[in-house]
Amino acid sequence: MKFIKPLIGARLEKRYKRFLADVKLEQDGTELTAHCPNTGAMTGCAEPGMRVWLSDSNNPKRKYRYTWELAETASGDRICVHTQRANTVAGEALQQGLIPAYADVKEWRAEVKYGSDNRRIDWVGEDAEGRSVYIEVKSVTLAESAGQGFFPDTTSVRATQHLHSLIEMTSAGQRAGVLYVVLHSGIERVSAAAHIDAKYAETVSLARKQGVQFHALKCVISQHGIDPVGELPVL
């Protein structure tokens, strides 16, 4: 996934009201408020003073012309904080066959309604045996000791509901999985965050027993784009 044009460097002053971030542009010191497209806790991703990168909508009529895309930790790791980018990157990876478990799946489609609750799935395709393959995409940015990544970074009833919908699909004879798109360059493996959301972690264990698959995607992150490169272990 390539950005339309290279991102603009800045320094983060503060993130607040979930959707707003005050920054100072590196080029000329201009202070402005950017849109923050991340509703999570953003633990370790939104420390004041962090170097950040913004995309420019080039629309002066938009209330917040700039969107916060990336952050860089003190150790130099890059993080994509724009959670919606995960779906695009996941689609590229699935279509390129970067997740071997889904190499036989064709005709990937995005945002299709499914299940008894008629919710939307991020990606669905069809495998060589004619079964539907449902993929729920999750963005992972929470990094803890020694390259360990966790999802979610805050309690998420919605994420647990998604797992139940996937279990419904496997119970009906279809295939289903969760694809964790790792948007933090310091993460080397992913686990359910039982210390943050015990219910989600319990439901992950149940989903595994019911045939739901879990995979994680490694990405290379820069101000030019986000490139999927292969799998990381899910523990």
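All figures in this text were calculated on a predicted structure; none of them were measured in a lab. Scope of the values below: all heavy atoms of this structure, side chains included, with no hydrogens, waters or symmetry mates.
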Cut-off 3.5 Å, side chains only: do T43 and D153 have a donor facing an acceptor? no

Interatomic distance, OG@S165 vs CD1@I121, rounded to 0.5 Å, equals 7.5 Å

For the pair D197 and T155, evaluate side-chain hydrogen bond (donor to acceptor under 3.5 Å, both in side chains) and give the outcome as yes or no after the intermediate values. CA-CA 5 Å; D197 190 340; T155 301; 4.7 Å; no

Quick one, S55 with R65, criterion side-chain hydrogen bond (donor to acceptor under 3.5 Å, both in side chains). Give me CA distance, side-chain angles, the key distance, then yes/no. CA-CA 9 Å; S55 58; R65 172 175 170 172; over 6 Å; no

Looking only at non-hydrogen atoms, find the nearest pair between L183 and A86 and report the distance. CD1-CB, 4.2 Å

Starting at CG of L166, measure out to CD1 of I135 and round the result to the nearest 0.5 Å. 8.0 Å

Parallel, tilted or perpendicular: which describes the rings of Y200 and F151, with under 30° parallel and over 60° perpendicular? perpendicular

Check this for me: Q96, atom CD, are more than 12 non-hydrogen atoms of other residues, nucleotides or ligands nearer than 6.0 Å? yes

Would a hydrophobic clustering, with Ile, Leu, Val, Met, Phe, Trp and Tyr connected at side-chain separations under 4.5 Å, put V105 with W123? yes

Smallest heavy-atom separation, C80 atom then I221 atom, equals N-CD1, 4.1 Å

Whether the side chain of S156 engages the backbone of P152 through a donor-acceptor N/O pair (distance < 3.5 Å, no angle test) should be reported. no

Against the six-membered ring of W68, is R15 placed for a cation-pi contact (under 6.0 Å from the centre, within 45° of the normal)? no

Verdict with reasoning, H35 to K63, per side-chain hydrogen bond (donor to acceptor under 3.5 Å, both in side chains): CA-CA 9 Å; H35 172 58; K63 185 174 183 180; over 6 Å; no

Starting at CD1 of I167, measure out to CG of L206 and round the result to the nearest 0.5 Å. 4.0 Å

Just checking, any donor-acceptor pair under 3.5 angstrom between side chains of E144 and H195? yes

For the pair D122 (side chain) and V137 (backbone), establish whether a donor and an acceptor sit closer than 3.5 Å, ignoring hydrogens and angles. yes

Report the distance from atom NZ of K24 to atom CG of L32, rounding to the nearest 0.5 Å. 11.0 Å

Polar side-chain atom of E168 near backbone of S116 as donor-acceptor pair, under 3.5 Å: yes

With sequence neighbours excluded, what pairs up with R109 under the side-chain contact (heavy atoms from CB on, under 4.5 Å) test? V112, V124

Does I99 share a hydrophobic cluster with M1, counting links as ILVMFWY side-chain heavy atoms below 4.5 Å and allowing steps through other members? yes

Answer yes or no: are there more than 12 heavy-atom neighbours, outside E107 itself, under 6.0 Å from its atom CD? no

Between S185 and D77, do the side chains contain a donor N or O and an acceptor N or O under 3.5 Å apart? yes

Are V140 and V178 connected into the same hydrophobic cluster when the rule is that any two of I, L, V, M, F, W, Y join if their side-chain heavy atoms are below 4.5 Å apart? yes

Is the shortest side-chain heavy-atom distance between V181 and S139 below 4.5 Å? no

Of all heavy-atom pairs linking E111 and R120, the shortest is O-NH1, 2.9 Å

Check whether NZ of the Lys or CZ of the Arg K17 lies under 6.0 Å from the centre of the six-membered ring of F19 and within 45 degrees of that ring's axis. no

Atom CD of Q213 and atom CZ of R175: how far apart are they, to the nearest 0.5 Å? 5.5 Å

Would one find more than 12 heavy atoms of other residues, nucleotides or ligands at under 6.0 Å from atom CD of Q161? yes

E126 vs S132, test: side-chain hydrogen bond (donor to acceptor under 3.5 Å, both in side chains). Steps then yes/no. CA-CA 5 Å; E126 184 175 306; S132 293; 5.8 Å; no

Would you mind checking if R119 and D117 are paired as a salt bridge, meaning a charged N to carboxylate O distance below 4.0 Å? yes

Identify the two heavy atoms, one from R189 and one from A146, that lie closest to each other, and give their separation to 0.1 Å. NH2-O, 2.8 Å

Common cluster, L54/Y64, ILVMFWY with side-chain heavy-atom separation under 4.5 Å: no

Measure the NE2-SG distance between H82 and C36 for me, rounded to the nearest 0.5 Å. 9.5 Å

Side chains of V23 and K14: closer than 4.5 Å at any heavy-atom pair? no

Between G173 and R131 the two heavy atoms that sit nearest each other are O-CD, 3.5 Å

Would you mind checking if E188 and K218 are paired as a salt bridge, meaning a charged N to carboxylate O distance below 4.0 Å? no

Does Q174 use its side chain to pair, donor to acceptor, with the backbone of Y134 at less than 3.5 Å? no

Correct closest heavy-atom pair for G40 and N38 would be N-OD1, 2.8 Å

Carboxylate-amine/guanidinium contact D127 K106, below 4.0 Å: no

Test question: given the 4.5 Å side-chain rule for I, L, V, M, F, W and Y, name all other residues clustered with V220, or answer none. V229

